2 protein chains.
Amino acid sequence: MKYRNLPATSPAETEILRLVWQQKRATVQEVCHQLPAARKIAYATVQTLLRRLEKKGYLKHDVEGKAHVFYPSVEQDHVIRRSVGDFLDRLFGGDPRPLMQFLAEDGRLEAKDLDELRKLIDNP
Amino acid sequence: MKYRNLPATSPAETEILRLVWQQKRATVQEVCHQLPAARKIAYATVQTLLRRLEKKGYLKHDVEGKAHVFYPSVEQDHVIRRSVGDFLDRLFGGDPRPLMQFLAEDGRLEAKDLDELRKLIDNP
DNA sequence: TGACATGTCTTACAATTGTACGATATTGTA
DNA sequence: TACAATATCGTACAATTGTAAGACATGTCA
């Protein structure tokens, strides 16, 4: 896939897009339910975000009954690659090492995660 | 340090802030010079970004001759922690593992970087 | 078949962001 | 001391973002 000219997703959009990935396909309702309780945000707002994501080319939707069911039209991996790349550029001038280091030292990762990671690294 | 109420930095601001860190202290000029050649952006724009960063509380400045010399007023680590946390929340629902995995598999990291990382993981 | 519940669409709007011009101030130097 | 070079400041402005209310449509069930 080429995915030319995809405008970047805003933070709020990214947050919503992730929830659609998570559920493969989702209505506005379903996305709303998936939001963490702490995240107070109106139904209409989620709707707007989904619409904008579709306009930007990240989602499509089918009509089912009266609801719209949204689903990704761009590979998740592509979006991640781009987002991470962008983030890395801004915060670390593109160098992934400080980010790795930060994650490794931060304590956010459990011991077993580090084991997993070790395997990942050791593999070809 | 507490750093209460620090408004988040925008992407462009983050990019500039990083360059100030890199140089410890820097004038508008110096930041401009530090920008990658590909990044065309007017002196005045950099100035605005620095001004906004100061207003938000991330920078302070001394006056030296006629120039303002900007320097960080918030620990780099704090900013990184916050930015990474934010990014992780949006793109991965807060789970650092997929990001780690992405970085490890992505090929952006060289073999020797992975060695470093291994040491990092193995250490207490 | 009519009302209710549930959806979507249109529209809005303030805040933030990215970008930069032009006016004005400062300073070292001829 | 007047000029050229260099700075900053105030201001601007369009685009994007985050947020949502209200109008209108539609499927469902009594």
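Computed from a predicted structure; not experimentally measured.
- H33(B) has its NE2 atom 10 Å from the P atom of dT6(D), to the nearest Å.
- One interatomic measurement links the two molecules: CG of D86(A) to P of dT17(C), which rounds to 15 Å at whole-angstrom precision.
- Across dT8(C), dG18(D), dG18(C), the shortest atom-to-atom separation from the side chain of Y43(A) is found for dT8(C).
- Residues meeting the side-chain contact (heavy atoms from CB on, under 4.5 Å) test with P96(B), sequence neighbours left out: L103(A), R108(A), L109(A), L88(B).
- Contacts of R90(A) with the nucleic acid, taken as non-hydrogen atoms under 4.0 Å apart, are absent.
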Start with the C-alpha distance between D115(A) and K119(A), add both sets of side-chain angles, then the distance that settles salt bridge (Lys or Arg N to Asp or Glu O under 4.0 Å), and finish with yes or no. CA-CA 6 Å; D115(A) 281 349; K119(A) 275 178 217 155; over 6 Å; no

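- K55(B) places its NZ atom 12 Å from the P atom of dA15(C), with the value rounded to the nearest Å.
- At dT8(D), none of the side-chain N or O atoms of H61(B) fall inside 4.0 Å of OP1 or OP2 (strictly under the cut-off).
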N/O to N/O distances under 3.5 Å, protein versus nucleotides 20-27 of chain C:
{"from": "dA20(C)", "atom 1": "OP2", "to": "A42(B)", "atom 2": "N", "distance (Å)": "3.0"}
{"from": "dA20(C)", "atom 1": "OP2", "to": "T45(B)", "atom 2": "OG1", "distance (Å)": "3.3"}
{"from": "dA20(C)", "atom 1": "N6", "to": "T48(B)", "atom 2": "OG1", "distance (Å)": "2.6"}

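- The stretch residues 80-111 of chain A participates, sequence neighbours left out, in these ring pair (Phe, Tyr, Trp, His ring centres under 6.0 Å) pairs: F87(A)-F87(B).
- The phosphate of dT6(D) (OP1 or OP2) has no side-chain N or O of Q29(B) nearer than 4.0 angstrom.
- Residue order along DNA chain C, read from the 5' end via each residue's closest nucleotide, puts A67(A) first among L49(B) and A67(A).
- Annotation: of the two residues near DNA chain C, E13(B) and T27(A), the 5′-most nearest-nucleotide partner is T27(A).
- Remark: P of dT17(C) and OH of Y58(B) are 10 Å apart, rounded to the nearest angstrom.
- Counting only residues at least two apart or on different chains, the salt bridge (charged side-chain N to carboxylate O under 4.0 Å, His left out) pairs with a member in residues 92-104 of chain A are D95(A)-R97(A), R97(A)-D113(B).
- Nearest nucleotide to the R39(A) side chain, out of dT17(C), dT19(D), dC9(C): dT19(D).
- Among residue pairs with one or both ends in residues 34-62 of chain B, those qualifying as ring pair (Phe, Tyr, Trp, His ring centres under 6.0 Å) are H61(B)-H68(B), H61(B)-F70(B); sequence neighbours excluded.
- Note on residues 38-52 of chain A: pairs passing salt bridge (charged side-chain N to carboxylate O under 4.0 Å, His left out), not counting sequence neighbours, are E15(A)-R39(A).
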